[in-house]
Amino acid sequence: MTEIILKNKVSASGNVLVITSRFENLFGLPDKVNDYIQAELKKEDKKTLTYNYIGKYISIIIVDTSKEPKALAEHLRKHGASVADGINLHKGTEVFIYNQTKFHNLSLAAAEGLVLGNYQFSKHKSKFKNNTLKSVVIVSSGVDAHRVNDLNNVCKATAWARDLVNEPVNVLNAVDLANAFKQMGKEAGFKVEVLNKKKIENLKMGGLLSVNAGSVDEPTFTIMEYKPAKAKNKKPYVLVGKGVVYDTGGLSLKPTPNSMDQMKCDMAGGAAVGAALYAIAKSKLNVHVIGLVPATDNRPGFNAFAPGDIITMMDGSTVEMLNSDAEGRMILADALHYAKQYKPELTIDLATLTGAAMAAIGPSGIVGMGTATVQQKEKLHESSFNVHERIAELPFWDDYNDLLKSEVADQKNIGGPLAGAITAGKFLEKFTDYPYYHLDIAGPAFIPAKDGYRPKGATGVGVRLLFDFFKNQ
Ligand code: BES
Ligand code: MN
Ligand code: ZN
């Protein structure tokens, strides 16, 4: 894991990322080099410049500090990621961020991009050139050590979430996922309880059990709790994450190669919930948060639930299960019902729930909807833009409930071809009695190509969003 540290001096031999609104040579480059850089920057009004000086990698980025702060931060994260690539190419191990502006958060954003962009999932490769970059030094007396610590925690949490999502189902099944949460709890200091199949049966979690029926692996239901002594909130926040460790579609089998290949990513919501709790606990935020992750694989094994089955859910309501590929809502419904006992201030679920959400806005953002209060929604949306895990909200009108009507049960698990992301959300709403927000991360959870500091494959989306949301509570 790449570590961010604070120092008050640039080492003369170190690689440097200079953030400036007007380049000044303050770190002792020879006049000749400085003159060259100044001339280059003037030419064509360049905004970035890379220069290799006796084995030292120098990257200069000229920023317009009058730009909107959130956009500027994102600009620096992206630049940080490209600098990480450059330094790895030169086999560098360390980089100094030297910020000539008075905006300290720009150093943090660049560091975040460097670390997140430096992520690799290489553990299953026997011959692999690992990145050489190991540490990112922020040079500034003005940056708060506290914020560096928080940033390290959330970057580590994001990398952990990515690792879990990148891990295939033959390596990470529902029990393994629960064990990973236990390890997170142990390292960061929060409580983790894992319910096994027997307990899940005793609780009559019909939704989770129905999805698990076609699998040879047992389901798990993980309950995580971080409750600091000085928590600011009286009622807890509850986070619910979809933990489908693999989604074949079940008997409503997905076609491969185009839609099943990436389905190891279907526990990305669960991974984000565990990792967010890790970052929150590790940074000792003063907020009481509970995380719930129902987990199983979705397979067409012998007793697999069959289209037409009527399932009695944990809350006693019934679902006509017409498509076994709409499995996420089945397991989340029981978790949302389970959450009622906590009388939550707000419950947020994260789920790679629908292809429709992905089709609507692609990998650029998260589809959101729900019954949360206007203030809660505003805060979530604000955080989503702070960390560039942007939420686009869809309507949550009751009209859509009509699409879920069933002739034989309380509702169907599919709503038909229209408004697929919304009908999924409206299905889930029936299992809530508290302020609720649903985040469909199907688009951004797992991406086909590297995009700045988001690597190909798992992105860890949701972790930074939740951390920022709770940090600002
Ligand atoms: N896990 C999928 C959704 C998904 C699609 C996630 C693409 C990531 C990328 C989900 O379980 C699913 O299969 N949804 C169905 C629902 C439909 C049958 C109502 C879908 O969106 O096609
Ligand atoms: Mn599915
Ligand atoms: Zn799924």
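Computed from a predicted structure; not experimentally measured. Just so you know, ligand 1 is whichever comes first in the structure, and atom 1 is the first atom listed for that ligand.
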So is there a nitrogen or oxygen of [X] less than 3.5 Å from a nitrogen or oxygen in ligand 1?
{"X": "D266", "result": "yes"}
{"X": "N323", "result": "no"}
{"X": "T354", "result": "no"}
{"X": "M358", "result": "no"}

Say whether [X] and [Y], considering side chains only, have a donor N or O and an acceptor N or O under 3.5 Å apart.
{"X": "K430", "Y": "Q411", "value": "yes"}
{"X": "D217", "Y": "S215", "value": "no"}
{"X": "H337", "Y": "K340", "value": "yes"}

Among protein heavy atoms, which sits nearest to [atom], and what does the distance come to when rounded to 0.1 Å?
{"atom": "atom 20 (C) of ligand 1", "value": "G355 N, 3.8 Å"}
{"atom": "atom 16 (C) of ligand 1", "value": "R329 NH2, 3.9 Å"}
{"atom": "atom 14 (N) of ligand 1", "value": "L353 O, 3.4 Å"}
{"atom": "atom 15 (C) of ligand 1", "value": "D325 O, 3.9 Å"}
{"atom": "atom 2 (C) of ligand 1", "value": "D247 OD2, 3.5 Å"}
{"atom": "atom 19 (C) of ligand 1", "value": "I414 CG2, 3.4 Å"}

Counting only heavy atoms from other residues, nucleotides and ligands, does the tally under 6.0 Å from [atom1] of [X] exceed 12?
{"X": "K134", "atom1": "NZ", "result": "yes"}
{"X": "K254", "atom1": "NZ", "result": "yes"}
{"X": "H146", "atom1": "NE2", "result": "no"}

Q. Distance-only, no hydrogens or angles: does the N472 side chain make a donor-acceptor pair with backbone N or O of D468 under 3.5 Å?
A.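 Checked: pair present.
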
Q: Test the K426-F396 pair against the cation-pi criterion, namely NZ or CZ under 6.0 angstrom from the six-membered ring centroid and within 45° of the ring axis.
A: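 Pair K426/F396 counts as cation-pi.
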
Q.
Within 45 degrees of the ring normal and closer than 6.0 Å to the centroid, is that where the cationic atom of R162 sits relative to Y119?
A.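 The answer is yes; both the distance and angle limits are met.
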
Q: Quick one: do H288 and N233 satisfy side-chain hydrogen bond (donor to acceptor under 3.5 Å, both in side chains)? Show the steps, please.
A: CA-CA 6 Å; H288 180 195; N233 54 324; 5.1 Å; no

**Q.** OD2 (D247) to the Mn ion (ligand 2) to OE1 (E327) angle, given to the nearest 10 degrees
**A.**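 The two atoms subtend 100° at the Mn ion (ligand 2).
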
For [X], take its heavy atoms, then give the atoms of ligand 1 lying under 4.0 Å from any of them.
{"X": "T352", "result": "1 (N), 2 (C), 3 (C), 6 (C)"}
{"X": "E327", "result": "11 (O)"}
{"X": "M263", "result": "1 (N), 4 (C), 5 (C), 6 (C), 7 (C), 8 (C), 9 (C)"}

**Q.** Metal-centred angle, the Zn ion (ligand 3) as apex - OD2 of D266, OE2 of E327, 10° resolution
**A.** 100°

(Q) To make sure I understand the geometry: which N, O or S atom in D247 is closest to the Zn ion (ligand 3)? (A)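 For D247, the N, O or S atom at the smallest distance from the Zn ion (ligand 3) is OD2.
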
Q: May I ask you to check whether K242 brings an N, O or S atom to under 2.8 Å from the Zn ion (ligand 3)?
A: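 Under 2.8 Å: K242 contacts the Zn ion (ligand 3) through an N, O or S atom.
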
Q: Report the residue from H75, H388, E382 that forms a side chain to side chain donor-acceptor pair (under 3.5 Å) with K70.
A: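 Single pass found, and it is E382.
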
